[in-house]
Asker: 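Please read through the structure below; I'll follow up with questions.
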2 protein chains.
Amino acid sequence: MSVDDRRGRGRPRGFQELEALDRAVHVFWEHGYEGASMSELTGAMGINKPSLYAVFGSKEELFRRAVARYRDTYVAYAAATLEQPTAYAVIESYLRAAVDALTSGGHPPGCLSIQGGLSCAPANSGISEFLADYRSAFESTLAQRLARAAREGDLTPGTDTAALARFVVTLGQGLAVHAAAGAGREDLQASVDIALRAVAAVSR
Amino acid sequence: MSVDDRRGRGRPRGFQELEALDRAVHVFWEHGYEGASMSELTGAMGINKPSLYAVFGSKEELFRRAVARYRDTYVAYAAATLEQPTAYAVIESYLRAAVDALTSGGHPPGCLSIQGGLSCAPANSGISEFLADYRSAFESTLAQRLARAAREGDLTPGTDTAALARFVVTLGQGLAVHAAAGAGREDLQASVDIALRAVAAVSR
DNA sequence: ACCCCACTTTACCGCCCGGTACAAAAAAAG
DNA sequence: CTTTTTTTGTACCGGGCGGTAAAGTGGGGT
């Protein structure tokens, strides 16, 4: 189902869908789901509301697509870190890359999955749950990778791999909160230095 | 300036100010600044809007008072943990108590200073900054306490106390995000177990 | 050339937001 | 009693929210 399988009839679209979506990602990232108004979204995306609704359906659907796009664009690095050879290397490369991503230029600091809507109005509680599920998905993936590392013997026997994954993800979320508040990259890396001592203590 | 220094003239107030404020704390805690509507606030506080505005001034002032009240009521434990004798004891008791506070009943899970408004609409950016300042205040206090610990010799020489404080606070914020998403107390304590290994590595 | 039809534009919808004007109510002062 | 003062309940304000109806526009197909 490509962009070009539309029959040629009718006026062609005046904008690129992915480009508009990318701009929506930035707005949601900076202001959160509830803090991003349709006016600001359409303004940043360069389209008017009927176009937005025709293509994305609703604000909530746009947000879900924005999160998916965010994952593919900005969190793709995380999958690569899982391919490191040892548990320690996985965790170190993940945390280092996370700090870089959280504080790199060209986009708002922090993490969309947290700033997007940690807590919402009752009518939007589905947004918070959606984001929580999204976050826990990576924790599960990391836990599986660490369980494999335990089987392969690069963690000290008896290590609680689920807790270790949770520790890493928890620190990552804290880093995101810090980054959103404007913390600098070096400061966050110094926190990672200390966290890695804990990881070293359970690695071998 | 007590509650009773009002001259007796006029109709007496039909509600307790602190009691109403406590209910506002819960609403902001659960839904955040922008997610908490005036209707929901007045409903939970048991008063109508003119009373609220007469006493608290505006939604933003109410929020700031709610955060102050939250600090005095729910974060008072943090000050006590700083009085532990060693750096390790300070950090351990802080993280343990934080997990308990984040997951104890009688109030929403997580931390008001994060759920309150990590990111907001442009018009409410002052709220995010206010909360960020609030959070960094404790980090500074903890850093000072750890600097004293370094002077007293219970950290290995050369330890970056500011980074250690940041690490602890960062983990605490991650725990808050996790707790807000419904994580259980035992799961969070297991993360703390691992974090404490890093602290042990720089303690003596 | 003409029509078709998807897309764009403009204007608007009902609703709820934060905030307020006003008058009824209630207690102390005289 | 009446007056004075403060809080209460109700009803309302302008404005912005998310979302949409309908007319205008322009690049196909034939």
Side-chain angles (χ1 to χ4, degrees), chain A residues 1-21 24 27-28 31-66 116-117 120-127, chain B residues 1-21 24 27-28 31-66 116-117 120-127:
Chain A
M1 194 170 71
S2 89
V3 185
D4 299 312
D5 68 354
R6 54 185 289 271
R7 295 167 294 119
R9 267 193 280 275
R11 179 173 176 172
R13 205 169 267 169
F15 62 96
Q16 307 283 344
E17 185 169 325
L18 280 185
E19 194 174 311
L21 185 57
V27 175
F28 282 130
H31 300 301
Y33 178 75
E34 294 183 331
S37 70
M38 293 306 295
S39 312
E40 191 175 2
L41 284 165
T42 52
M45 296 166 82
I47 63 181
N48 336 20
K49 289 202 270 183
S51 297
L52 191 158
Y53 278 87
V55 175
F56 299 103
S58 70
K59 187 184 183 186
E60 177 162 352
E61 288 180 64
L62 172 63
F63 182 74
R64 291 174 188 265
R65 287 216 36 200
C120 287
N124 298 321
S125 60
I127 297 290
Chain B
M1 192 171 73
S2 88
V3 184
D4 299 312
D5 70 352
R6 55 187 287 274
R7 294 166 296 117
R9 266 196 282 271
R11 178 172 175 172
R13 205 168 267 171
F15 63 95
Q16 306 283 344
E17 186 170 324
L18 280 185
E19 194 174 310
L21 185 57
V27 175
F28 281 129
H31 301 300
Y33 178 76
E34 294 183 331
S37 70
M38 294 305 295
S39 312
E40 191 175 2
L41 284 165
T42 52
M45 296 166 83
I47 63 180
N48 358 45
K49 288 202 269 183
S51 298
L52 191 157
Y53 278 87
V55 175
F56 298 103
S58 70
K59 187 185 182 185
E60 177 161 352
E61 289 180 64
L62 172 63
F63 182 74
R64 291 174 189 266
R65 288 214 38 199
C120 288
N124 298 321
S125 61
I127 297 291

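Chain naming here is simple, since letters A, B, ... match the order of the sequence lines and numbering starts at 1 in each.
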Asker: With a 4.0 Å cutoff (strictly under), does any side-chain N or O of B/Y53 reach OP1 or OP2 of C/dG19?
Answerer: yes
Asker: Taking side chain as C-beta onward, heavy atoms only, is A/P122 less than 4.5 Å from B/E40?
Answerer: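 Side chain of A/P122 against side chain of B/E40, heavy atoms only: contact under 4.5 Å found.
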Asker: Between atom CG in A/L52 and atom C1' in C/dT8, what is the gap in whole Å?
Answerer: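 One finds 13 Å between C1' of C/dT8 and CG of A/L52, rounded.
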Asker: Rounded off to whole Å, could you give me the CE-to-P distance for the B/M45 and D/dG9 pair?
Answerer: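 From B/M45 CE to D/dG9 P: 14 Å.
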Asker: Is the shortest side-chain N/O distance from A/R13 to OP1 or OP2 of C/dC7 below 4.0 Å?
Answerer: yes
Asker: Rounding to an integer number of Å, can you tell me how far A/L41 CG sits from D/dG18 P?
Answerer: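 A/L41 atom CG is separated from D/dG18 atom P by 8 Å.
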Asker: If we only count heavy atoms from C-beta on, is the B/L62 to B/M45 side-chain gap below 4.5 Å?
Answerer: yes
Asker: Is there side-chain contact between A/V55 and A/R13, with at least one heavy-atom pair below 4.5 Å?
Answerer: yes
Asker: Is the shortest distance from a Lys or Arg side-chain nitrogen in B/E61 or B/R65 to a carboxylate oxygen in the other one below 4.0 Å?
Answerer: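 No, B/E61 and B/R65 are not salt-bridged.
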Asker: Counting C-beta onward and ignoring hydrogens, is there a side-chain heavy-atom pair between A/L41 and A/M38 closer than 4.5 Å?
Answerer: yes
Asker: When the distance from CG of B/N124 to P of D/dC17 is rounded to whole Å, what number comes out?
Answerer: 12 Å
Asker: Would you please name every residue forming a ring pair (Phe, Tyr, Trp, His ring centres under 6.0 Å) with A/F63, sequence neighbours left out?
Answerer: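 Listed in chain order: A/F28, A/Y33.
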Asker: Scan nucleotides 9-17 of chain C nucleotide by nucleotide, 5' to 3', and note B when protein non-hydrogen atoms come under 4.0 Å of the base, S if they reach only the sugar-phosphate, - if neither.
Answerer: BB------S
Asker: Round to a whole Å and report the spacing from CZ of A/F56 to C1' of C/dT8.
Answerer: 15 Å
